[in-house]
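Throughout, protein chains are lettered first and strands after them, A, B, ... in sequence-line order, and every chain is numbered starting at 1. Side chains included, hydrogens not; waters and symmetry mates left out as well; all remaining heavy atoms used.
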Number of protein chains: 2
Amino acid sequence: MSLDSNMSEIVNISFDKTFENCKLPINQLLTTEQQAIIMDNINIVSYNRKDIIVKQFSASSHIYYIIKGILKVSSEQRKGKNLVVKIDTTGSFVGLISLLGGDSYNFTVTAVENCTLAQIPIATLKSVMLQNSRFALEISQLTCRHGLFLVNRLAGLLYKQLPGRVADLILYFADDIFCNNEFEFPANRTELAELCGTTKESLIRTLSEFNHDRIIELQRNRIRIISYDILKTLSRFG
Amino acid sequence: MSLDSNMSEIVNISFDKTFENCKLPINQLLTTEQQAIIMDNINIVSYNRKDIIVKQFSASSHIYYIIKGILKVSSEQRKGKNLVVKIDTTGSFVGLISLLGGDSYNFTVTAVENCTLAQIPIATLKSVMLQNSRFALEISQLTCRHGLFLVNRLAGLLYKQLPGRVADLILYFADDIFCNNEFEFPANRTELAELCGTTKESLIRTLSEFNHDRIIELQRNRIRIISYDILKTLSRFG
DNA sequence: ATAAAAAAGTGATATAAATCATTTATATAA
DNA sequence: TTATATAAATGATTTATATCACTTTTTTAT
């Protein structure tokens with residue numbers, strides 16, 4: 001009860017500035033009425049670390065906007081073989097490609113830390129797209145950029161060998177997620193391995209080597225990049 | 001000269017029915033005026049086998065529509081390491097994801113057999129998208145489906161081992177490209193290997209095994225599927 | 001505080017597929 | 001036709017990394 005009322009307070013605060021950090025300038029693109037359509041149909045939901053937000057192959061009619069938090073988007077390849085295709089954070093849309101391309105999720109989405117998400121019916125989004133072609137074009141460009149990012153990432157996993165892929169992993173967190181040379185991995189070794197398309201043992205070994213070779217300084221989840229240049233080189237020559 | 005006049009004749013015939021085989025119902029989606037805008041800005045070009053249509057990383061302002069032919073879309077990973085991400089045929093758009101997501105091509109596009117393509121300025125496409133939000137939404141859904149296809153294909157390459165990937169290759173041509181159990185590979189062993197993310201030697205060995213095990217009947221480029229079911233199983237259990 | 005469970009780490013071994021070296025077959029040109 | 005180049009095929013070897021078995025450390029629960 002106390003938790004519930006506390007929650008709804010958070011929800012209201014967040015609600016007002018929902019699209020503040022959005023990678024798409026929603027507020028410039030949409031008329032006040034169009035914004036209202038979205039706002040009226042939005043639903044704010046909170047998740048705890050490890051909560052499954054959506055399950056691969058499940059039919060769904062909602063996409064998500066990340067108000068706050070970090071989540072992972074993964075593809076279950078077979079029993080016990082998981083591939084984390086990307087990490088998403090505040091300001092991103094989740095499920096856009098899946099629900100514009102079909103009517104079920106192609107990926108499992110899991111909270112990596114506590115998350116506050118806005119649930120948006122895909123029908124609402126589509127109706128606004130139909131009312132506002134500029135917005136439709138922008139959404140279309142956004143999904144294309146996402147698609148290209150994924151394809152490039154997977155092609156990298158396919159052709160680079162472990163040192164290159166682990167370098168990419170570290171650079172991904174440092175440059176794209178935390179914008180900092182020093183950070184705490186928001187995931188355990190198994191999850192990190194799944195981000196590199198490898199096993200936890202192989203990931204651990206490679207990280208230990210980097211640590212030993214003083215490319216990084218690593219203690220448990222805390223990592224500091226010592227030589228950004230070497231990581232870049234490893235990434236390039238994979 | 002004789003070739004040229006012959007060519008322009010072909011061009012005119014093709015021009016009239018340009019979007020006949022299009023995966024998008026252009027003629028239903030667009031008004032006559034909008035169709036005219038596209039038609040007025042279209043340019044028909046022919047390519048021979050092995051011709052490079054666009055080069056990865058090159059800046060470009062045109063997408064392509066395949067009036068007739070087969071082409072491959074590939075990503076140069078490093079010197080000598082090529083990944084063919086997909087094969088495209090009659091009725092498909094090429095470069096849509098690249099040019100909606102940015103302003104240069106992310107892939108090299110090469111004619112696999114003689115091709116007739118319609119070159120469409122991306123600006124023209126965007127302007128029609130801005131005039132017609134239904135069309136914009138459809139284009140957006142099309143690019144999302146493409147993106148998902150690519151991601152699933154690459155994830156498959158990443159997790160399946162060779163027999164599974166080669167089975168996928170054969171099924172891809174049989175089901176998606178030629179719609180026939182018997183066909184001629186439109187590419188040499190190196191190109192086929194690049195479609196599986198492997199080397200020509202490994203691909204040859206796997207194909208030979210399939211042939212020896214009477215899963216397929218293979219002589220040079222001519223292939224006939226003997227057991228579709230075994231291929232499906234190999235694909236599934238990778 | 002201690003026990004139990006989970007995660008991280010290490011070493012030995014196995015294995016799929018790449019690489020290298022060579023041969024055989026097919027296509028192209030002189 | 002014969003020579004030359006290109007593509008396909010095969011065998012031997014190497015290599016990166018997965019797998020398996022186990023220890024150590026950290027976290028969680030009692």
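Running 5' to 3' along DNA chain D, contacts with non-hydrogen atoms of chain B at under 4.0 Å begin and end at D/dA8 to D/dA12.
Here B/Gln77 pairs with B/Ser75 under the side chain to side chain donor-acceptor pair (under 3.5 Å) rule; sequence neighbours left out. Listed by chain and number, the residues in a side chain to side chain contact (heavy atoms under 4.5 Å, CB included) with A/Asn221 are A/Glu184, A/Phe185, A/Arg189 (sequence neighbours excluded). Not a single salt bridge (charged side-chain N to carboxylate O under 4.0 Å, His left out) links B/Lys200 to another residue, sequence neighbours left out. For B/Thr110, the side chain to side chain donor-acceptor pair (under 3.5 Å) criterion is met by no residue, not counting sequence neighbours. B/Glu113 meets the salt bridge (charged side-chain N to carboxylate O under 4.0 Å, His left out) test with no other residue; sequence neighbours excluded. For A/Arg153, the side chain to side chain contact (heavy atoms under 4.5 Å, CB included) test picks out A/Phe149, A/Leu157, A/Leu195, with sequence neighbours left out.
Near DNA chain D, meaning a heavy atom under 4.0 Å away, there are no residues from residues 150-167 of chain B.
Residue pairs meeting the side chain to side chain donor-acceptor pair (under 3.5 Å) criterion with at least one partner in residues 169-183 of chain B, sequence neighbours excluded, are B/Asp175-B/Tyr228. Within the structure, the salt bridge (Lys or Arg N to Asp or Glu O under 4.0 Å) test picks out the following pairs touching residues 83-101 of chain B (sequence neighbours left out): B/Lys86-B/Asp88.
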All N/O pairs under 3.5 Å across the protein-nucleotides 6-9 of chain C interface:
residue : atom : partner  : partner atom : Å
C/dA8   : OP2  : A/Arg189 : N            : 3.0
C/dG9   : OP2  : A/Arg189 : NH1          : 2.5

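Using a 3.5 Å distance cut-off with no hydrogens or angles, the side chains of A/Tyr105 and A/Gln56 do not pair a donor with an acceptor.
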Can you list, pair by pair, the side-chain donor-acceptor contacts under 3.5 Å of residues 93-100 of chain A, counting residues two or more places apart and other chains?
residue : atom : partner  : partner atom : Å
A/Ser98 : OG   : A/Asn106 : N            : 3.1
A/Ser98 : OG   : A/Asn106 : ND2          : 3.3

